[in-house]
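Each remark here refers to the structure printed beneath this line.
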Amino acid sequence: MKDSVDSDAFATRAREREAQDFAMWVFLVSETLIFGAFILVYLISRWQFPLTFAEAARETSLWLGTLNTAILLTSSLTIALAEMSAEAGRRHARLLLVLTALLGAAFLGIKLWEWFEEYRKGLVPFLGLNFSYGGRDPQAAALFFRLYFALTGLHALHLLIGLSLVGGAAAMWPRIAVEKRGQRVTALALYWHFIDVVWVFLFAFFYLHGRALP
């Protein structure tokens, strides 16, 4: 009788996990479509104004972008380790979640500073702010920076949501059933890795493009 109950409980948890994973993948596909639409606009615009987009990309801070890329990739490692630890029932899974959240917060702090520096340089072409770009074709450059702020802002919003979820899981860790901790962290890790992959593309588009050209 006990073996039957344990088998039913295991089957129920397995179905719950499958449903959760499926729901998360559906959500990530929908988010990919949103980012994909913006990226398609960027690629078409870059095809139309290749020289101006390359020139405008050199105005972004390569060292801040590189630092943030290193931070986010490191956070991908920490949440992957947290997932492995949670699955194995190890105690330091919670600590790794906290570390992931701290790295995410560091990314957002650097990004806010970078946006402020771009505001000081007159590179914010909306909200009635003075856009003072001195290179070729200021209108095309304004389009580049609109796409830059739209995509990096959308990414920052997703990261803020991920940061809240990871931090919340760490705070509520003692209240999460031991058998469900691995399942919870797996879902968080999927979302976090998605955020990281999106950033890698944004880093290539807005920071590296143009610097490989003479």
If you apply the rule side-chain contact (heavy atoms from CB on, under 4.5 Å), what do you find for Tyr148 with Tyr207, and how did you get there?
CA-CA 10 Å; Tyr148 163 78; Tyr207 295 86; 3.5 Å; yes
Check the pair Lys121, Glu118 against salt bridge (Lys or Arg N to Asp or Glu O under 4.0 Å), reporting the backbone distance first and the verdict last.
CA-CA 5 Å; Lys121 291 165 64 177; Glu118 286 155 352; over 6 Å; no
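- For the pair Ile161/Tyr191, a side-chain contact is recorded, criterion being any heavy-atom separation below 4.5 Å from C-beta on.
- Both Phe145 and Phe49 sit in one connected hydrophobic cluster of ILVMFWY residues. Membership requires side-chain heavy atoms under 4.5 Å apart, directly or through other members.
- Counting all heavy atoms, side chain and backbone alike, Ala106 lies closest to Ile71 at CB-CD1, 4.4 Å.
- When the side chains of ILVMFWY residues are joined at heavy-atom separations under 4.5 Å, either directly or via intervening members, Phe194 and Val200 end up in two distinct hydrophobic clusters.
- In this structure, the separation between CH2 on Trp192 and CD1 on Ile79 is 6.5 Å, given to the nearest 0.5 Å.
- When all heavy atoms of Arg94 and Pro174 are compared, the pair lying nearest together is NH1-CG, 3.7 Å.
- If you chain together hydrophobic residues whose side chains sit under 4.5 Å apart, Leu165 and Ile176 fall into the same group.
- Once rounded to the nearest 0.5 Å, the distance linking NE2 of His193 with CD1 of Ile195 reads 10.5 Å.
- Residues Leu159 and Phe201 share a hydrophobic cluster, clusters being chains of Ile/Leu/Val/Met/Phe/Trp/Tyr side chains in contact below 4.5 Å.
- Checked against salt bridge (Lys or Arg N to Asp or Glu O under 4.0 Å), Arg136 has the following partners two or more places apart in sequence or in another chain: Glu55.
- In this structure, CG in Leu43 is found 11.5 Å from CD in Gln48, a value given to the nearest 0.5 Å.
- Within the structure, every pair that satisfies the ring pair (Phe, Tyr, Trp, His ring centres under 6.0 Å) test and touches residues 84-108, not counting sequence neighbours, is listed here: Phe107-His155, Phe107-Trp199.
- Leu99 pairs in a side-chain contact (heavy atoms from CB on, under 4.5 Å) with only one of the listed residues (Leu81, Thr78, Thr74, Val166), which is Thr78.
- By the 6.0 Å contact criterion, CD on Gln139 is open, its count of non-hydrogen atoms from other residues, nucleotides or ligands being 12 or less.
- Within the structure, the ring pair (Phe, Tyr, Trp, His ring centres under 6.0 Å) test picks out the following pairs touching residues 50-73 (sequence neighbours left out): Tyr42-Phe53, Phe53-Phe144.
- Contact annotation: the side chain of Thr152 approaches that of Trp115 to within less than 4.5 Å [non-hydrogen atoms, C-beta and beyond].
- Between Leu72 and Asp196 the shortest heavy-atom distance is CG-OD1, 2.9 Å.
- Taking NE2 of His209 as the reference point, atom CZ of Arg58 lies at 8.5 Å (rounded to 0.5 Å).
- Using cut-offs of 30° and 60° for the angle between ring planes, the Phe131 and Tyr133 rings count as parallel.
- Here the CG-OG1 distance, from Leu95 to Thr100, works out to 9.5 Å after rounding to the nearest 0.5 Å.
- A search for salt bridge (Lys or Arg N to Asp or Glu O under 4.0 Å) contacts involving Arg175 returns nothing, not counting sequence neighbours.
- Between Ser45 and Leu147, the closest heavy-atom pair is OG-CD1, 4.1 Å.
- Under the 4.5 Å side-chain criterion, counting only non-hydrogen atoms from C-beta, Glu114 is in contact with Lys111.
- The number of heavy atoms from other shown groups lying within 6.0 Å of CZ (Arg184) does not exceed 12.
- The shortest non-hydrogen separation linking Leu163 to Ala101 is CD1-O, 2.9 Å.
- Rounding to the nearest 0.5 Å places CZ of Arg46 at 9.5 Å from CZ of Phe206.
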In a table with atom names and distances, give each donor-acceptor pair under 3.5 Å that connects a side chain of residues 28-40 to protein atoms at least two apart or in another chain.
residue: Ser30; atom: OG; partner: Phe27; partner atom: O; Å: 2.5
residue: Glu31; atom: OE1; partner: His158; partner atom: NE2; Å: 2.2
residue: Thr32; atom: OG1; partner: Leu28; partner atom: O; Å: 2.8

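- Although no hydrogens or angles enter the test, the distance criterion places no donor-acceptor pair under 3.5 Å between the side chain of Ser76 and the main chain of Leu73.
- Looking at every heavy atom in both residues, Ala86 comes nearest to Val185 through CB-CG2, 3.9 Å.
- The side-chain heavy atoms of Phe203 and Thr66, taken from C-beta on, include a pair separated by under 4.5 Å.
- No single ILVMFWY cluster, assembled from side-chain heavy atoms under 4.5 Å apart, contains both Met84 and Leu97.
- The ring pair (Phe, Tyr, Trp, His ring centres under 6.0 Å) search around Phe126 returns Phe149, not counting sequence neighbours.
- Taking 4.5 Å as the limit, every side-chain heavy atom of Leu112 sits out of range of all side-chain heavy atoms of Phe116.
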